[in-house]
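In what follows, every chain begins at residue 1, and chains take the letters A, B, ... in the order their sequences are listed. If you're wondering where the values come from, they're calculated on a predicted model, not measured in any experiment.
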2 protein chains.
Amino acid sequence: MSGYDIKKLVDVGLSHFWNENYGQIYPTLELLVDDRLASKREKTSVGKRKRFVYSITRKGERAFKGWLREPTVMPIVRNELQLKFFLSCNLPTSESVRLVQEYQADQRAMLEQYQESAAVLRRSIESGSRPEELDDILQVTSSASAERSEQCKVFYLTLRHGILSMKARLAWCDEVLRSLEE
Amino acid sequence: MSGYDIKKLVDVGLSHFWNENYGQIYPTLELLVDDRLASKREKTSVGKRKRFVYSITRKGERAFKGWLREPTVMPIVRNELQLKFFLSCNLPTSESVRLVQEYQADQRAMLEQYQESAAVLRRSIESGSRPEELDDILQVTSSASAERSEQCKVFYLTLRHGILSMKARLAWCDEVLRSLEE
DNA sequence: TCAGACATGTAAGTCGTTACATGATTCA
DNA sequence: TGAATCATGTAACGACTTACATGTCTGA
């Protein structure tokens with residue numbers, strides 16, 4: 001893929017659990033090339049702009065698999081809403097309620113969005129096809145039919161993580177609002 | 001509170017949604033003093049070490065309330081496990097299974113821990129008291145009886161957020177493992 | 001007496017974001 | 001023709017972590 005493709009993949013497909021920006025992507029790709037973990041080549045189709053696509057090397061594949069097997073660090077995730085909620089404990093309860101209600105509204109909006117995407121994906125998994133929107137961003141990884149359906153499923157399953165998490169947060173909002181009402 | 005107290009409060013009480021380190025705390029406290037948002041004074045009890053405690057000023061309180069009412073930004077939370085899971089889609093399924101099982105084990109261990117803390121807190125809320133462990137870290141914020149019980153409840157509710165989130169992640173693990181079994 | 005907790009801080013380095021700079025191509 | 005998108009990159013800044021430096025007090 002190219003740096004631009006990676007950015008798009010992350011923004012469109014992985015935005016519920018990852019982000020990247022060009023300031024990280026392009027320099028990192030160069031570092032990968034320096035370490036011979038990836039190779040770079042110009043791939044400019046006729047009538048197209050200049051593009052550089054990167055491919056993983058044999059050495060890169062080994063490193064990638066090594067990384068996959070390394071213990072996954074779960075950094076402490078900072079949740080500003082939780083911090084505000086905790087610190088609002090000496091203020092009038094109405095402040096805490098307002099905070100939670102805003103959080104609730106945000107999560108509801110996100111949940112709706114994700115559920116729509118999930119519905120699209122579920123339909124395409126059942127019909128065995130892959131929606132065009134995904135072709136644009138997933139085409140690069142592989143093209144065998146069995147693998148394509150597998151990718152679609154993994155895509156769907158990562159979305160499910162986001163959906164279940166947001167439902168949990170909404171359940172928390174309900175619990176808190178009930179608890180604060182007295 | 002002192003810088004050391006703040007660090008302890010965050011480590012002991014807020015670790016499921018926040019972290020801070022001395023490299024941030026001490027310089028930031030100085031900045032707050034520079035801006036007259038907090039005041040610093042030495043408070044060395046007899047036979048105790050040198051300590052500097054910081055108090056919020058009137059100006060600081062205004063700024064704090066302003067911050068509470070500012071829209072809460074929800075930064076995209078990077079979840080390395082999700083990233084690995086997504087990227088494992090072209091490898092044998094056993095790789096994905098292993099990843100999810102490790103995640104599952106981690107979340108289960110954390111959940112158990114949090115549920116224990118929550119049980120302690122629930123008991124002390126019901127009995128109207130506050131456990132001694134919390135006195136150490138919460139004593140500074142206020143001491144009126146009604147407020148103490150309120151603090152305890154807020155503490156408990158932030159823990160509930162962690163518990164519900166982890167249960168959601170475990171539900172996701174179950175869903176994925178079932179889905180991968182075929 | 002010695003480990004561990006108390007207590008305050010600094011320096012170096014890494015990571016990540018934002019803004020900027022550049023220029024081609026497509027499509028209305 | 002002009003806005004949007006494609007496409008690649010750099011520079012500056014800010015956030016965050018890690019390691020270090022220093023010294024006191026408590027309790028086994």
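- Rounding to whole angstrom units, CG of residue B:Asp11 and P of C:dC6 are separated by 11 Å.
- Listed by chain and number, the residues in a salt bridge (Lys or Arg N to Asp or Glu O under 4.0 Å) with B:Asp11 are B:Lys7 (sequence neighbours excluded).
- We find that CD of B:Gln24 is positioned 16 Å from P of D:dA19, with the value rounded to whole Å.
- Atom NZ in B:Lys43 sits about 16 Å away from atom C1' in C:dC6, given to the nearest Å.
- In the hydrophobic clustering (ILVMFWY side chains linked at under 4.5 Å, chained through shared members), A:Val53 stands by itself.
- Note: CG (B:Asn21) to P (C:dT10) measures 14 Å, nearest angstrom.
- When all heavy atoms of A:Ser2 and A:Arg51 are compared, the closest pair comes out as OG-NH2, 3.5 Å.
- In this structure, A:Ile76 stands alone, with no Ile, Leu, Val, Met, Phe, Trp or Tyr side-chain heavy atom under 4.5 Å from its own, directly or through other members.
- A close approach under 4.0 Å does occur between a side-chain nitrogen or oxygen of B:Arg78 and OP1 or OP2 of C:dG16.
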Pick out the pairs of N or O atoms, protein on one side and nucleotides 8-11 of chain D on the other, that lie under 3.5 Å.
{"unit_1": "D:dT8", "atom_1": "OP1", "unit_2": "A:Phe52", "atom_2": "N", "d": "2.9"}
{"unit_1": "D:dT8", "atom_1": "OP1", "unit_2": "A:Phe52", "atom_2": "O", "d": "3.4"}
{"unit_1": "D:dT8", "atom_1": "OP2", "unit_2": "A:Tyr4", "atom_2": "N", "d": "3.1"}
{"unit_1": "D:dT8", "atom_1": "OP2", "unit_2": "A:Tyr26", "atom_2": "OH", "d": "2.9"}
{"unit_1": "D:dT8", "atom_1": "O5'", "unit_2": "A:Tyr26", "atom_2": "OH", "d": "3.3"}

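- The overall bend of the helix from C:dT1-D:dA28 to C:dA28-D:dT1, read as the angle between its terminal helix axes built from five base pairs each, is 30° when rounded to 10 degrees.
- As rounded to whole Å, 13 Å separates atom P of C:dT8 from atom CZ of B:Arg41.
- Rounding to whole angstrom units, CD1 of residue B:Ile6 and P of C:dA7 are separated by 13 Å.
- Taking A:Tyr114 as the reference, A:His16 meet the ring pair (Phe, Tyr, Trp, His ring centres under 6.0 Å) condition, with sequence neighbours excluded.
- Within the structure, salt bridge (Lys or Arg N to Asp or Glu O under 4.0 Å) pairs that include any residue of residues 161-181 of chain B comprise A:Arg160-B:Glu175 (at least two apart or interchain).
- Residue A:Tyr26 belongs to a hydrophobic cluster whose other members are A:Tyr4, A:Tyr22, with links defined by side-chain heavy atoms closer than 4.5 Å.
- Atom pair A:Glu42:CD and D:dC6:C1' shows a separation of 15 Å (rounding to whole Å applied).
- The separation between A:Ile76 atom CD1 and D:dT18 atom P is 10 Å, rounded to whole Å.
- Each of C:dT18, D:dT17, C:dC6 was ranked by its minimum atom distance to the side chain of B:Asn19; first place goes to D:dT17.
- Every salt bridge (Lys or Arg N to Asp or Glu O under 4.0 Å) that B:Glu95 has, sequence neighbours left out, goes to A:Arg69, B:Arg98.
- For the pair B:Lys40 and B:Phe52, the distance from NZ or CZ to the six-membered ring centre is under 6.0 Å and the angle to the ring normal is within 45 degrees.
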